Amino acid sequence: MTMVQQELRQQIDDLSSMIEAQRLVLSGLMNQRCQVQRQLNSVLDPMARLPLELQSKIFLHCLYHAGESRIARTPDPHLAPMLLLRVCQLWRDIALSTPELWNYLTMHWPSPPSGANDSDSRFFGMWLKRSQSFPLTLTWEGSSVLANGIQDLIDECGGRVETLTLLLNSIPPRGSHILRAPFPSLRKLTINCSVGRFEIRDWMSILKTSPMLTHVTFLGSFLGPEIEADSTQAAFTLPAIRELHFPHNSGHPRVVNATRILKYITLPALEILHIRCHLNLFGGSEDLVAFLTRSSPPLRSLFFELDSLYWPSDSKDGLKYLRMVPNLTELSLGAKDTISVVKMLTRASDFLPNIRHLTLNPMSFFQPEDYETVIRMLDVRPLKSFRLNMMDPSAALGNATLSRDPAPSEHIIRELQRIRDSGIDVHVGAGERIFV
């Protein structure tokens, strides 16, 4: 290699070193400019001038709500709180220092544990860690068999769970427990299974380890026939439960023997009982009577809406449940024979003496003389509201052929209007046919 070549190569190396040095200087200057820009943004950003408590409250209003209730949704990077992490460093710092943003979580896991992804468990764990020590609202949606990582995670945070919803797409294996952890702070429990039939023993461990439980909702079919042969399950007391709901489940239109669950529990503090599904009262009436006798609850609201096929044909059998809850202030009754309740309210002042709100959803058509009975009842009972939801001819009840309910006469309508004008909130009608 000649001397000239060596000099030229040395010049290239020197220039390369100078270029690299200038690049480092430029990179440092650009970083300094970004820092100064962030400082300027902080000065100009109205959020930066607010107290941290107010910043956190603003962020909380970004969360999804349904009415007044906050909803635990599946994490979505395009929605708060995850979206707030991606705006700027200031907003990220605020979001991470606001544990209330992270104490609601829906964990969606449709596949069995064999197809589980450990990264999901780590993500859920990171989410809940950000909630610090705040009470948790958790929803589990998917397989009834929890992956080990999820099970461990729920075990770890079980003491902080106040609201738990299980939306299951499969029945758990026989003898298994859905959740192991005790839930000493759990107040609201919802269990919804869209397939198969529940056994009460599947949920005993949750009920027994939740001494603060006040609100329970069951959706699905309950209690396979094998439970009836199990005489080892004695009724146990849940002293804090105030609301028990068996709502209608459109995915499970034929919910049979749901009242059998009452055979295994005693609820001395129950104030609201909501049964709106298909119940075989011929098979479960003794359990319901025994439950009310054993619990002697201070029941004030009863929502009793049943399939007309299962309402006792003898009105006395239908009324005996109501005689066992004399302190009711609110009654919503849907059954084949509702007029017998109206007649009893008219002639017996000691029958439901505290009733103030009455809703009737008759599953047989009202006759002209039935309206007269309603008028007499409203004249002697100090109700605050009365609703008569007549049968809607556009509705379909099984294979029944529906005709229009006889419309109330003009005289009856005037009487109902008179009662409404006296201060009682009166509604009579169905669908688009509203008479009062």
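Everything numeric here is computed off the predicted structure, so don't read it as measured data. In this chain, numbering begins with 1 at the start of the sequence shown.
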Using side-chain heavy atoms (C-beta onward) and a distance below 4.5 Å, is [X] in contact with [Y]?
X      : Y      : value
Val428 : Arg387 : no
Arg376 : Arg347 : no
Leu167 : Thr139 : yes
Glu369 : Thr373 : no
Tyr371 : Leu388 : yes
Leu267 : Phe291 : yes
Phe351 : Leu345 : yes
Pro81  : Phe59  : no

Can you tell me if [X] uses its side chain to pair, donor with acceptor, with the backbone of [Y] under 3.5 Å?
X      : Y      : answer
Arg187 : Val161 : no
Arg130 : Leu101 : no
Trp102 : Ala95  : yes
Arg242 : Ala240 : yes
Ser97  : Ile94  : yes
Arg92  : Arg86  : no
Thr190 : Thr165 : no
Asn327 : Arg300 : no
Ser385 : His357 : no
Arg160 : Ser185 : no

Flag for [Y]-[X]: side-chain donor and acceptor within less than 3.5 Å:
X      : Y      : answer
Arg381 : Thr346 : no
Thr359 : Ser332 : no
Arg356 : Thr329 : no
Gln417 : Asp421 : no

Got a second to check how far [X]'s [atom1] is from [Y]'s [atom2], nearest 0.5 Å?
X      : Y      : atom1 : atom2 : result
Leu138 : Leu153 : CG    : CG    : 8.0 Å
Ser131 : Leu136 : OG    : CG    : 4.5 Å
Leu84  : Trp91  : CG    : CH2   : 7.0 Å
Leu207 : Leu189 : CG    : CG    : 6.5 Å
His427 : Phe435 : NE2   : CZ    : 10.0 Å
Leu128 : Phe123 : CG    : CZ    : 9.5 Å

Could you go step by step and tell me if Glu243 and Thr214 meet the side chain to side chain contact (heavy atoms under 4.5 Å, CB included) rule? CA-CA 6 Å; Glu243 295 190 31; Thr214 61; over 6 Å; no
If every non-hydrogen atom of [X] is compared with every non-hydrogen atom of [Y], which pair is closest and at what distance?
X      : Y      : result
Gly158 : Pro184 : O-CD, 4.1 Å
Pro353 : Pro326 : CD-O, 3.5 Å
Leu383 : Leu378 : CD1-CD2, 3.7 Å
Lys188 : Leu186 : O-CD1, 3.5 Å
Leu273 : Leu270 : CB-CD2, 4.2 Å

Which residues satisfy the salt bridge (charged side-chain N to carboxylate O under 4.0 Å, His left out) test with Arg418, sequence neighbours excluded? Asp379, Glu415
How would you list, by chain and number, every residue that makes a salt bridge (charged side-chain N to carboxylate O under 4.0 Å, His left out) with Asp425, sequence neighbours excluded? none
Please check if the number of heavy atoms outside Glu410 that lie under 6.0 Å from its CD is greater than 12. no
Within 6.0 Å of CD in Gln132, more than 12 heavy atoms from elsewhere: yes
Report the C-alpha separation of Phe183 and Met212 in whole Å, then their side-chain angles, then the decisive distance to 0.1 Å, and conclude whether the side chain to side chain contact (heavy atoms under 4.5 Å, CB included) test is met. CA-CA 9 Å; Phe183 296 94; Met212 303 297 290; over 6 Å; no
Check the pair Ile375 / Ile419 against side chain to side chain contact (heavy atoms under 4.5 Å, CB included), numbers first and verdict last. CA-CA 8 Å; Ile375 296 296; Ile419 293 171; 4.0 Å; yes
Apply the test side chain to side chain contact (heavy atoms under 4.5 Å, CB included) to residues Asn103 and Thr137: give CA-CA distance (whole Å), side-chain angles for both, the deciding distance (0.1 Å), then the verdict. CA-CA 6 Å; Asn103 65 335; Thr137 293; over 6 Å; no
Parallel, tilted or perpendicular, as decided by the 30° and 60° cut-offs, for the rings of His245 and His274: perpendicular
